[in-house]
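In what follows, a structure is listed as structure tokens, so that the remarks can point back to it.
Start at 1 with the first residue, then count along the sequence.
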Amino acid sequence: MANTREKFFDFLVFLHGLLEMFGRSLLLTFVKPYYRRDILDQMYHVGVRSLSIVVLTSTFTGLVLALQFGHEMAIYGAKMYTGSVLIVALVRELGPVLVSLVAAGRVGAGITAELGSMAVTEQIDAMRALGTDPYKKLASTRFVALTIMLPILVAIGDTCGMIGGWIVSVTALDISSDFYWSIAIQYLQFSDISAGLIKPVVFGMTIATVACYLGFTATGGTRGVGEATTRSVVLSSILIFMLDFLITKLTIGSM
């Protein structure tokens, strides 16, 4: 019983730490100095250096989904509507979640490892001693970069997935190119696009918060940094799925 109480207390402390990191990162975003060069560097790291894996992942997801949807819908004589189903699914659900999971694995893990290494080698303490706020310079800049770049990556990923679906629809399902795009645009609603852009903003904040908090609190040398990095990916992924459900529930309810 005492062990359970202790674990529950540790969970509350952890949750408080996450919320505090989120609040600090958000508030410090609007406080000078803005460290524009650091933000641009992080945007390059988050966006440009993630572009190849996002393009590949999204394109092949579109190819596979078109094959699967086309096969299943052909049974009911609705093969021609493969494009509309695929594009709505991509824009509203699969694109934001898939690209965010990629970012959690590549960018979030990298941030935790970097900040964790700085924490265990006391570089963060040295920054404080020199009068620099590490939350402002390290956490806030990464928070801003992920919040801005993740929706852009998702938009690029959605486009690549649509093109992948178009390739399969035209070459394997005998759907004309004009019909694929016209039916897709006809069924894609503004609510689908807005939900597909709100999600990566929330997911970007979540990945940055988790990655920075676990990096700042990493202890135990290289082994501790490795464990923090693994926890960062796992926790970010779980939160992405949970938040995806909540946002979908809210946005569908408002339709």
Side-chain angles (χ1 to χ4, degrees), residues 46-109 146 149-204 207 233 236-249 251-252 255:
V46 172
V48 178
R49 298 187 68 179
S50 301
L51 201 54
S52 58
I53 189 170
V54 167
V55 169
L56 277 173
T57 305
S58 301
T59 303
F60 278 99
T61 299
L63 291 168
V64 171
L65 284 179
L67 280 175
Q68 190 67 46
F69 286 156
H71 174 73
E72 296 298 329
M73 294 178 74
I75 298 172
Y76 302 98
K79 185 179 70 173
M80 301 300 286
Y81 296 96
T82 298
S84 61
V85 176
L86 182 144
I87 289 178
V88 171
L90 266 178
V91 171
R92 190 173 184 97
E93 295 297 336
L94 292 174
V97 171
L98 194 62
V99 173
S100 298
L101 289 176
V102 169
R106 205 195 82 78
V107 180
L146 262 164
M149 292 309 296
L150 204 52
I152 296 173
L153 286 175
V154 168
I156 294 171
D158 288 346
T159 305
C160 293
M162 293 178 200
I163 293 172
W166 167 73
I167 293 170
V168 169
S169 297
V170 172
T171 58
L173 301 177
D174 295 328
I175 300 173
S176 74
S177 179
D178 290 341
F179 187 81
Y180 174 87
W181 291 112
S182 63
I183 200 74
I185 292 169
Q186 180 183 339
Y187 278 87
L188 191 64
Q189 303 294 318
F190 176 75
S191 59
D192 300 320
I193 299 172
S194 60
L197 291 177
I198 290 171
K199 287 179 180 179
V201 172
V202 177
F203 296 162
I207 295 168
V233 177
S236 295
S237 301
I238 292 171
L239 289 175
I240 285 168
F241 285 116
M242 291 173 65
L243 290 169
D244 181 53
F245 171 76
L246 290 175
I247 297 171
T248 302
K249 178 75 176 171
T251 53
I252 284 181
M255 288 175 64

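Here R92 contributes atom CZ and K199 contributes atom NZ; the two are 6.0 Å apart, rounded to the nearest 0.5 Å. We find the CZ-CG distance between F241 and L246 to be 14.0 Å, quoted to the nearest 0.5 Å. Interatomic distance, CG of L63 versus CD1 of I163, reported as 10.5 Å (0.5 Å rounding). From T159, atom OG1 reaches atom CE of M162 across 5.5 Å, with rounding to the nearest 0.5 Å. Rounding to the nearest 0.5 Å places CZ of F203 at 10.0 Å from CG of L239. Taking CD1 of I238 as the start and CG of L243 as the end, the distance is 11.5 Å to the nearest 0.5 Å.
Here the shortest heavy-atom pairing between D158 and V91 reads OD2-CA, 3.8 Å. Contact detail for Y180 and G165: the closest heavy-atom pair is OH-C, 3.5 Å. The two residues V201 and P151 make their nearest non-hydrogen contact at CG2-CG, 3.5 Å.
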Inset, instruction - Could you check L150 against V46 for side-chain contact (heavy atoms from CB on, under 4.5 Å), going step by step and ending with a plain yes or no? - result: CA-CA 8 Å; L150 204 52; V46 172; 5.8 Å; no
Legend entry - I193/L188 under side-chain contact (heavy atoms from CB on, under 4.5 Å): CA gap, chis, key distance, verdict: CA-CA 8 Å; I193 299 172; L188 191 64; 4.2 Å; yes
Please tabulate, for the side chains in residues 94-109, all donor-acceptor contacts under 3.5 angstrom to protein atoms that are two or more places apart in sequence or on a different chain.
{"unit_1": "S100", "atom_1": "OG", "unit_2": "P96", "atom_2": "O", "d": "2.6"}
{"unit_1": "R106", "atom_1": "NE", "unit_2": "S50", "atom_2": "OG", "d": "2.9"}
{"unit_1": "R106", "atom_1": "NH2", "unit_2": "H45", "atom_2": "O", "d": "2.7"}
{"unit_1": "R106", "atom_1": "NH2", "unit_2": "S50", "atom_2": "OG", "d": "3.2"}

Please tabulate, for the side chains in residues 76-90, all donor-acceptor contacts under 3.5 angstrom to protein atoms that are two or more places apart in sequence or on a different chain.
{"unit_1": "K79", "atom_1": "NZ", "unit_2": "L173", "atom_2": "O", "d": "3.1"}
{"unit_1": "T82", "atom_1": "OG1", "unit_2": "K79", "atom_2": "O", "d": "2.6"}
{"unit_1": "S84", "atom_1": "OG", "unit_2": "Y81", "atom_2": "O", "d": "2.8"}

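Put simply, the side chain of T57 never gets that close to the backbone of V54: no donor and acceptor are under 3.5 Å apart. In this structure, the side chain of T251 engages the main chain of T248 through a donor-acceptor pair within 3.5 Å.
When the shell of 6.0 Å around CZ of F179 is examined, it contains more than 12 heavy atoms from other residues, nucleotides or ligands.
By the 4.5 Å heavy-atom criterion applied to side chains, I156 and V55 are counted as neighbours.
Looking at residues two or more places apart in sequence or on another chain, you find no side chain to side chain contact (heavy atoms under 4.5 Å, CB included) involving I185.
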